[in-house]
Each structure stands twice: as structure tokens, then as C-alpha cells.
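Below: one structure, written as C-alpha cells.
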Amino acid sequence: MSERTSYAAQPDLQADCGNCFGLCCVALPFSRSADFPVDKSAGTPCGNLQEDFRCGIHQRLRDQGYNGCTVFDCFGAGQKVSQVTFKSVSWREEPDSARAMYEVFPVVRQLHELLKYIAQALDLPAAGPVHGDLRRAYERLDALTRDTAEMLLAVDVDALRGEVNPLLLRASELARAAVPGRRKNHRGAHLMGSRLRGAKLRGASLRGALLIAADLSGADLRDADLIGADMRDTDLCGADLRGALFLTQPQLNAARGDARTKVPQTLERPPHWAD
């Protein structure tokens with residue numbers, strides 16, 4: 001991979017539903033709530049899943065009460081499990097493989113999420129001092145995602161996170177070091193419902209912060225570290241998220257924004273945001 005190629009933009013880390021066996025619609029459970037209109041147990045196909053593994057109400061998910069589906073992102077794990085781990089043989093074609101497929105999918109999804117974070121760190125020029133270690137970690141995890149189902153089910157994802165997190169933290173520190181002024185530290189902070197309208201949070205650490213229903217409208221979140229931040233129903237109307245570190249599409253999808261919200265070029269403005 002050349003130095004000019006964006007790691008985070010790699011197709012392997014983007015969901016490709018056309019090459020997946022609808023795994024998120026089958027393997028994962030959900031409960032009747034504000035995010036789903038019905039209960040569904042793990043391993044049971046969603047009632048909206050069609051024979052071709054497509055969603056029958058994909059364009060109307062929010063209208064039908066399936067908000068949770070519009071937030072979820074497998075980071076490319078669905079097609080990896082479908083096409084690589086199980087060699088393009090679906091759970092419908094080979095029912096005996098279904099249970100293993102459903103159990104492998106969440107594991108690979110977590111590994112792909114880690115790969116996504118590493119990829120974002122590799123795209124940070126300022127994180128050059130740790131790029132070597134990050135590349136080795138990326139190559140190791142990528143190889144692991146291509147292993148057998150038996151090997152994947154034996155993976156200790158928490159241990160792998162423990163190895164990767166220090167590298168991501170160091171990359172974050174290096175990238176945010178260039179931000180002028182004092183950088184605020186809200187790592188792991190409980191900020192549910194907090195009124196932070198217009199807050200100056202450029203280069204801040206919000207790693208693992210609880211931002212559920214927090215008012216961050218008009219806030220300056222440029223270059224802020226948002227890895228693992230819970231942004232469900234967070235008000236981002238008019239906020240500036242350009243250059244935000246480790247921000248993911250699911251985080252944006254779970255938040256509220258509008259046409260004034262500035263998002264990183266690598267992410268998409270959620271279609272359900274206000275105009």
C-alpha cells in the first residue's frame with residue numbers, strides 16, 4: 001500500500017450489503033424499544049429480510065420504527081464472513097453452518113472496528129512516530145480476520161484491544177499536540193444531557209465520554225478525540241467536527257445534526273438529519 005493511499009477508505013472496511021448474507025439482520029438480537037418496533041432473538045431472521053438477503057424496507061427503516069438499523073455499521077465484517085470465512089456459502093444453502101456463522105460475525109465486526117481505528121491513525125501524518133507499530137498491528141489483525149471460523153471463535157478481542165489502544169492513544173496525542181492552547185480532558189466523562197452549546201472543545205479528549213442527549217450545538221469539535229464516545233441523540237446542529245479523531249459513521253448516525261454541521265470528508269452526512 002502506497003503512502004498516499006488512505007487506509008480508512010479501504011473497501012474491506014466499508015459495508016457491502018450486496019456481498020453479505022444479511023448477517024446483521026439474522027445474527028444479532030434486538031428488543032422492542034425506541035429503536036425497534038418488535039423483539040427478535042439472535043439467529044432469527046428479521047421479518048423484513050428478503051430471499052436475496054436484502055432489506056425489504058431499507059428506504060423506510062426510520063418510518064417503520066427501525067432506527068437501530070440505520071445506526072448500525074459492520075465496518076465490512078458482513079461480506080468478510082460471508083465471502084471469506086464461509087467461502088460464499090450462505091446459511092440458507094448450508095443450515096449446519098448457520099450457528100457458527102452467527103457467532104463469528106460479531107467477533108469479526110469487532111476486529112474490523114479495531115482495523116478502522118488503526119486505519120484512521122495511519123492516515124494522521126502527525127502520528128508518524130507510531131506508524132510502524134500501527135502497520136504491524138493492522139497487518140496482524142487483517143490476517144486474523146481471514147482465518148478459519150474455529151480460530152476466530154477463539155480470539156480474545158479484549159486482549160487485542162488492550163494491545164492496540166495504547167497505540168491509538170499515542171497517535172491521538174501526537175495529532176492533537178499541534179492544536180493551540182490548552183486542550184480539555186473529558187475522557188470517560190459523564191456528560192449526559194449536558195449543556196455544552198458553543199463549547200470550545202478543539203483538540204479535546206472525549207474518549208469514552210457519555211454524550212447521550214448532550215447539547216453540543218455550535219460546538220468546536222475540530223481535532224477532538226471521540227473514540228468510543230456515546231453520541232446517541234447528541235445535538236450536533238451547527239457543530240464543527242472537521243478533523244475529529246476516530247469518529248465513526250455509527251456515532252454520527254446516532255446523533256442529531258443539520259445542514260450547518262461540518263463533518264469529516266471521510267464520513268457521510270446522515271440522510272435523516274434536518275435540512
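Sequential numbering from 1 along the given sequence is applied to the chain's residues.
In this model, a donor atom of one side chain and an acceptor atom of the other lie less than 3.5 Å apart for S90 and E93. There is no side-chain donor-acceptor pair under 3.5 Å between S205 and R187. A donor atom on one side chain and an acceptor atom on the other are found under 3.5 Å apart for D215 and S217. When only modelled atom types and interatomic distance are considered, T70 and N67 share no side-chain donor-acceptor pair under 3.5 Å.
For S172, the side chain to side chain donor-acceptor pair (under 3.5 Å) partners at least two apart in sequence or on another chain are R176, D225. Under the rule for a salt bridge (Lys or Arg N to Asp or Glu O under 4.0 Å), the partners of D240 that lie at least two apart in sequence or sit in another chain are R222, R242. The side chain to side chain donor-acceptor pair (under 3.5 Å) check on S194 picks up nothing, with sequence neighbours excluded. With sequence neighbours left out, N185 forms a side chain to side chain donor-acceptor pair (under 3.5 Å) with no residue at all.
Proximity of the aromatic rings of F53 and W91 is defined here by a centroid distance below 6.0 angstrom, and this criterion is met.
Other members of a hydrophobic cluster containing V84 are absent, since no ILVMFWY side chain comes under 4.5 Å of it, directly or through relayed contacts. Hydrophobic cluster of L201: the remaining members, joined at side-chain heavy-atom separations below 4.5 Å, are L191, L196, L206, L211, L216, L221, L226, M231, L236, L241, L247, L252, V263, L267, W273, listed by chain and number.
Evaluated for a side-chain contact (heavy atoms from CB on, under 4.5 Å) with Y117, the options L245, L134, V164, T248 yield exactly one hit, T248.
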Before giving the answer on salt bridge (charged side-chain N to carboxylate O under 4.0 Å, His left out), spell out for K116 and E113 the whole-Å C-alpha distance, their side-chain angles and the decisive distance to 0.1 Å.
CA-CA 5 Å; K116 190 75 170 183; E113 182 180 33; over 6 Å; no
